[in-house]
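Below is one structure, written out as structure tokens; comments come after it.
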Amino acid sequence: MIRPPPLQDTLFHADPTLDRAARLGIPVGLAVLFFLALYLTRPYPEFLLLGGLILAYLLPPAGKESVIPAGLLLGEPWWLIASSTLVMDLCCSLFVALNLDLVLRIPLLGPFVGRFMEGGQAFVKARPWLERLSFVGLIIFVIVPFQGSGGVNATILGRILGMGIPGAVGCVLIGSAISSFGIALGAGTVLALFRQSPALGAGALAAVALAIVVMVQIWRRYLQYMRL
């Protein structure tokens, strides 16, 4: 049976019940405050649209690379849709980092997380050099739009690699901010160019594809360097 990386018995309060309430309340409260802010500041139809996009982002296989451009096509401001994915990554990361033992007991999600941890632990054990991947590698893992590279799996991977809660969550926050706003700005620029000229838009799209290829090559070279 998979056991979560060791955490302090009590992190926020000596009473285990109050401590668990704080662990659950921080990520859930942040999500509630974010949705409340959207509800109070955006027109109701737009609030419902954003809620649907956020729900789509939280459910695989959708990711930033599909949800953010979809939001832009539907008329959402680039900074708002990027902020939404960033906040959701942060909330998910905090929830998993603070409540990994509880997550493993959640029906459907728990077995999935357990299998991911089993595979991750075996993979890292067979490749000790991966422990040197550390912060830079985990940030890159979040930035590059791989399947399953969101806040949940990245946080678990960080814990497997021996990071503390602040380190794992910090990597997710940095990587998600770079990827969310980068994708939003890039997709917004491409859409604007397509509106001006299909040829300009196609050229910009080709440039984005080239940039992704370069990022993948940098990632591979980084892994080769870490093996040395």
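- In the hydrophobic cluster analysis, where Ile, Leu, Val, Met, Phe, Trp and Tyr join through side-chain heavy atoms closer than 4.5 angstrom, Ile143 is grouped together with Val136.
- Both Leu48 and Ile81 are part of a single hydrophobic cluster, where members link through side-chain heavy atoms under 4.5 Å apart.
- To the nearest 0.5 angstrom, Tyr44 atom OH is 13.0 Å from Leu38 atom CG.
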Under the side-chain contact (heavy atoms from CB on, under 4.5 Å) criterion, do Asp89 and Tyr57 qualify, and how do the steps go?
CA-CA 10 Å; Asp89 276 344; Tyr57 177 60; 2.7 Å; yes

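- Side chain of Asn99 to main chain of Phe95: a donor-acceptor pair is present (N/O by atom type, distance under 3.5 Å, no hydrogens or angles).
- Linking Ile, Leu, Val, Met, Phe, Trp and Tyr residues whenever their side-chain heavy atoms come within less than 4.5 Å places Leu49 and Trp79 in a single cluster.
- Here the CG-CG distance, from Leu157 to Leu138, works out to 5.5 Å after rounding to the nearest 0.5 Å.
- The distance from the CE atom of Met88 to the NZ atom of Lys64 is 12.0 Å, given to the nearest 0.5 Å.
- Separation of atoms CZ (Phe34) and CG (Leu36) is listed at 11.5 Å; rounding is to 0.5 Å.
- Exactly one residue among Ser179, Ser180, Ser176 makes a side-chain hydrogen bond (donor to acceptor under 3.5 Å, both in side chains) with Thr85. That residue is Ser180.
- Between Ile183 and Glu65, the shortest heavy-atom distance links the atoms CD1-N, 4.1 Å.
- Contact record, Ala177 with Leu86: N-CD1, 3.6 Å, taken as the closest heavy-atom pair.
- Taking 4.5 Å as the limit, every side-chain heavy atom of Leu53 sits out of range of all side-chain heavy atoms of Ile68.
- Across every non-hydrogen atom of Pro27 and Cys91, the tightest pair is CB-O, 3.5 Å.
- Between Arg23 and Asp101, none of the side-chain N atoms (NZ, or NE/NH1/NH2) sits under 4.0 Å from a carboxylate O, so this pair counts as no salt bridge.
- Taking each heavy atom of Phe135 and Cys171 in turn, the nearest pair found is CD2-SG, 3.3 Å.
- By the criterion of side-chain heavy atoms lying less than 4.5 angstrom apart, applied directly or through intervening Ile, Leu, Val, Met, Phe, Trp or Tyr residues, Ile54 is grouped together with Leu74 in one hydrophobic cluster.
- The closest donor-acceptor contact from the side chain of Arg159 to the backbone of Met163 lies under 3.5 Å.
- Tracing side-chain contacts under 4.5 Å through hydrophobic residues (I, L, V, M, F, W, Y), one reaches Tyr39 starting from Leu58; they form part of the same cluster.
- Between Gly188 and Leu72, the shortest heavy-atom contact is N-CD1, 3.5 Å.
- Atom CD1 of Ile178 is separated from atom CD1 of Ile139 by 6.5 Å, given to the nearest 0.5 angstrom.
- Nearest heavy atom pair, residue Thr155 against residue Ser93, reads OG1-OG, 2.7 Å.
- Looking at Val172 and Leu90, their side chains never come closer than 4.5 Å, going by heavy atoms from C-beta outward.
- Put simply, CG on Leu30 and CG on Leu94 are 7.0 Å apart, with the number rounded to the nearest 0.5 Å.
- For Thr189 (side chain) and Leu185 (main-chain N/O), a donor-acceptor pair under 3.5 Å exists by modelled atom type.
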